[in-house]
Amino acid sequence: MKRFDAVVIGGGPAGMTAALYLLRSQATVAVVEKLSPGGQMLMTHLIENYPGFPDGIEGWRLADAMAAHVDKYPHVTIADEVTAMEQVPGGHRLKAGGEWIEAGAVVLCTGARYRRVGIPGEKELLGKGVSYCALCDGNFFRDQVVAVIGGGNSALEESLYLSRIVKKLHLIHRRDEFRAQKCFQDRCEVNPVISILRSRVVKEIQGTDKVTGIVVENKKTGEIQTLAVDGVFVFVGFEPQGDFYPEGLARDQAGFVITDDRMRTNIPGLFAAGDIRSKDCRQVATAVGDGAAAAHAAHAYLESLAAS
Ligand code: NAP
């Protein structure tokens, strides 16, 4: 069985940073990533708040730059998913791509994926007008009418991106106050393509072969209206990604992994970084910080293993 000093699971900004720091500390590293490196950056048109890029940087470009940096250092990449993981003496054993590998330290960076809103029609019309990725699917709705559900940074930022493609966009949020940063709110409010519907919930997505409309309830008046739309983009938060975690791993109520400020989980030798962590602020910048801190702690852990 192949053994590495460290295995990093996930190739988003947290995983790439953890791998980079571990490789620079001379550790042998395997990175397991089932898709291309980049994670959610690949679904983001323009990243405007990563320091150093005053005009913003396209998500794919930042992902490529990080991957090129990691690739400067020899390491093993496993283009598959981890399906099982368990503790063994001196480390952890993982099943990746059908093969077992072993490592002294493991850094979990599997990130999060968009949550489903859980209304009739959402599952049935997925890929037929229901989407969770504006960058991937926005072009299918050129000059058409779409709805965006949500009131956080994702919903507003993606609405601004879509407003350059679609004819009309209904931004539907369940409360009066948005959770998103003020700069996104201000830009949505003055955007002529975006119509903001506050205190409204989407009760149903209608259509058979494709989305044709949504049923919307006004939470203040109880009024129900049907809006004709060609597409529905859902951005109602994130949920943790990955179902292979070892038994006994401490997670919060929503399933995110609990760590201390050195990114250590409750299991020795197991670290977590980025969006998979239980935390408030999920940004590329915080994922990078988590990745560096996790690698630092993993390096110290590997040294303690070697000394024992
Ligand atoms: P979020 O911040 O958790 O916001 C989710 C939004 O969806 C909230 O407005 C919430 O409403 C609404 N919502 C949740 N469940 C709903 C339901 N069942 N029906 C209708 N609406 C529902 O999620 P996010 O916007 O995806 O962002 C996730 C994280 O990534 C955040 O930390 C965010 O800051 C970060 N992010 C940052 C950027 C950036 O900085 N450029 C871009 C994207 C994401 P309530 O407000 O009423 O709870």
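Counting starts at 1 for both ligands and their atoms, following the listed order.
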query: So Phe184 and Phe178, ring pair (Phe, Tyr, Trp, His ring centres under 6.0 Å) or not? Walk me through it.
result: CA-CA 10 Å; Phe184 294 137; Phe178 282 108; over 10 Å; no
[atom]: which protein heavy atom is closest, and how many Å away?
atom: atom 7 (O) of ligand 1; answer: Val236 CA, 3.2 Å
atom: atom 3 (O) of ligand 1; answer: Gly237 CA, 3.9 Å
atom: atom 35 (C) of ligand 1; answer: Arg282 O, 3.0 Å
atom: atom 41 (N) of ligand 1; answer: Glu157 OE1, 3.1 Å
atom: atom 24 (P) of ligand 1; answer: Ser154 OG, 3.2 Å
atom: atom 2 (O) of ligand 1; answer: Arg179 CD, 3.4 Å
atom: atom 34 (O) of ligand 1; answer: Asn153 ND2, 2.8 Å
atom: atom 37 (C) of ligand 1; answer: Gln283 NE2, 3.0 Å

Backbone, side chain, both or neither: what part of [X] comes under 4.0 angstrom of ligand 1, heavy atoms only?
X: Arg115; value: side chain
X: His173; value: side chain
X: Phe238; value: side chain
X: Phe184; value: side chain

[X] [atom1]: over 12 foreign heavy atoms closer than 6.0 Å:
X: Glu86; atom1: CD; answer: yes
X: Lys167; atom1: NZ; answer: no
X: Lys95; atom1: NZ; answer: no

Geometric N/O contact [X] with ligand 1, under 3.5 angstrom:
X: Gly151; result: yes
X: Val117; result: no
X: Asn49; result: yes

- request: In sequence, state the C-alpha distance, the side-chain angles, and the governing distance for Tyr114 and Phe238, and then conclude on ring pair (Phe, Tyr, Trp, His ring centres under 6.0 Å).
  value: CA-CA 5 Å; Tyr114 284 113; Phe238 281 92; 4.6 Å; yes
message: Under 6.0 Å from the ring centre and within 45 degrees of the ring axis: does the NZ or CZ of Arg61 meet both conditions for the six-membered ring of Phe53?
response: no
- prompt: For Phe271, is the NZ or CZ atom of Arg277 found under 6.0 angstrom from the centre of its six-membered ring and inside 45 degrees of the ring axis?
  reply: no
Below 4.5 Å, heavy atoms only, C-beta onward: do [X] and [Y] meet side chain to side chain?
X: Leu46; Y: Tyr161; answer: no
X: Leu227; Y: Leu197; answer: yes
X: Asp230; Y: Lys210; answer: yes

statement: Checking heavy-atom distances from atom 10 (C) of ligand 1 to each of Gln181, Arg174, Arg116, the winner is Arg174
message: Whether Glu122 and Arg115 form a salt bridge (side-chain N of Lys/Arg under 4.0 Å from carboxylate O of Asp/Glu) is what I want to check.
response: no
Ligand 1 contact by Asp275, heavy-atom criterion under 4.0 angstrom: no
query: Of all the atoms in ligand 1, which lie at a distance below 4.0 Å from a heavy atom belonging to Asp280?
result: 32 (O)
